[in-house]
There are 2 protein chains.
Amino acid sequence: MPRPPVRPAGEKSTREQILDVALDLFTTEGFEKTSLREISERMGFSKAALYYHFASKDDILLALHLRLHELGKTGLDKMIDWERVAPHEWPGVLDEFIETLLENRKLFLLHVRNHDSLERLPHHHGERGDGKDDILDRLRLLLTDERVPRTQRLRLAFAFAVVGFGLLAAGDMFQDLATDDLRVELRSAVRDLLGPITAAGTEPGRQHPVTA
Amino acid sequence: MPRPPVRPAGEKSTREQILDVALDLFTTEGFEKTSLREISERMGFSKAALYYHFASKDDILLALHLRLHELGKTGLDKMIDWERVAPHEWPGVLDEFIETLLENRKLFLLHVRNHDSLERLPHHHGERGDGKDDILDRLRLLLTDERVPRTQRLRLAFAFAVVGFGLLAAGDMFQDLATDDLRVELRSAVRDLLGPITAAGTEPGRQHPVTA
DNA sequence: GTCTATATTTCGATAGAC
DNA sequence: GTCTATCGAAATATAGAC
């Protein structure tokens, strides 16, 4: 039987190196605008050589999608059982989401930026029935679950929006912001946003005056 | 001197119709992935005919950019003088931003979705020195203005993120959400987010406990 | 595993007839 | 104002040598 080639410890396979290069380019330039020529030039060999390691350009994107898919299995299993999470537990769930995001910025940027390209990928079926098996798909399921009051779903969506934007802004407009500071600010903002719907006597239709 | 062709009242010129079609496609499919063939097919004539009305594909995008640029002149002049806006006025400014967004969803979606393509467009210079003359450019200037404390800028950024996401979510995950309801929810969320930094005795370093 | 060379498709853009 | 026909560039992908 074939066995993987022996490599010095800590040295990545060519395939993994290609994926690292592709992840950088797909997040900065976008999947559609990144050409195989660009990837091969950074790798130091020709375009055709890529086809030894991957069957197609889509195949590279799919491999990166699987990297993110693994995250769903390891760290965020709670997000599978949204229905059993009480409102007062939401800030804690958001905290976990913040941690996962901070630890895997590039992978999430890949998803946010290339959502369309990932969507039209032929999904690997079988593991779950509906094919909705990554974190963002599950998030969508919660936010459209009509068993949760719409006002609460909206607030949750706003909270996730802030967290997602925080990720983008950190590497863009707030480059000098340390990860620890960003985490503090995100947690604070999430609690201010979710406070009105996690308080004991929740009034969903809470109104503000139209003008201050 | 040449004069514009006489048209029945309420009938749009071919050029404007092309722009309407292009706006739809650019916001749903993206600028790069939208081909001139696709536009011409919707218009009912050939691809080459487009070149009678526009010099290039970029020229179409530029014309749509000008539509948004006009909004900056008419409705949001306050956003030019960020420095003179006191923190307690921010919710009101955000309210104006919300209104402008709700009234021009498609144009803003065009900007959000095709930010990169718009960025590399040869800008029409002259009107202002730095070429940063549309709403989103000015917004960026505020959020990176180091004269404003970073914590406050972050909170403002979060607020704008919620508003921007609300626009996307409304036409996607919350399709059944009426505009009036969305406006109420956005205003409410903005005030909860800006409350901590608009209160009289503002403490920028306000902390939340790490775990609830 | 990587190379050169090439097939195939799609796109933006132009030329010239009507 | 719109057409047909075509060009040239760039991209994905394949074939076959080394």
Which nucleotide sits closest to the side chain of B/Y52: D/dG1, D/dC3, C/dT2?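 It is D/dG1.
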Would you call [X]-[Y] a salt bridge at under 4.0 Å N-O?
{"X": "A/R42", "Y": "A/E38", "result": "no"}
{"X": "A/K106", "Y": "A/D20", "result": "no"}
{"X": "B/D145", "Y": "B/R153", "result": "no"}

The criterion is ring-ring contact (aromatic ring centres under 6.0 Å, His included); which residues satisfy it with A/H53, sequence neighbours excluded?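 Counting only residues at least two positions away or on another chain, A/H53 forms no ring-ring contact (aromatic ring centres under 6.0 Å, His included).
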Run the ring-ring contact (aromatic ring centres under 6.0 Å, His included) test against B/F31 and tell me which residues pass, sequence neighbours left out.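 B/F31 satisfies ring-ring contact (aromatic ring centres under 6.0 Å, His included) with B/F26 only.
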Length of the line joining [X]:[atom1] and [N]:[atom2], which is rounded to integer Å:
{"X": "A/I39", "N": "C/dT2", "atom1": "CD1", "atom2": "P", "answer": "15 Å"}
{"X": "A/Q17", "N": "C/dG1", "atom1": "CD", "atom2": "P", "answer": "12 Å"}
{"X": "B/E41", "N": "D/dC3", "atom1": "CD", "atom2": "P", "answer": "12 Å"}
{"X": "B/L50", "N": "C/dT14", "atom1": "CG", "atom2": "C1'", "answer": "14 Å"}

Going 5' to 3' through nucleotides 4-18 of chain D, assign each nucleotide B (protein heavy atom under 4.0 Å from a base atom), S (under 4.0 Å only from sugar-phosphate atoms) or - (no protein heavy atom that close). B------SBBBB---
Would you say the side chains of B/T27 and B/R105 form a donor-acceptor pair under 3.5 Å?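 Judged by distance alone, the side chains do not pair up.
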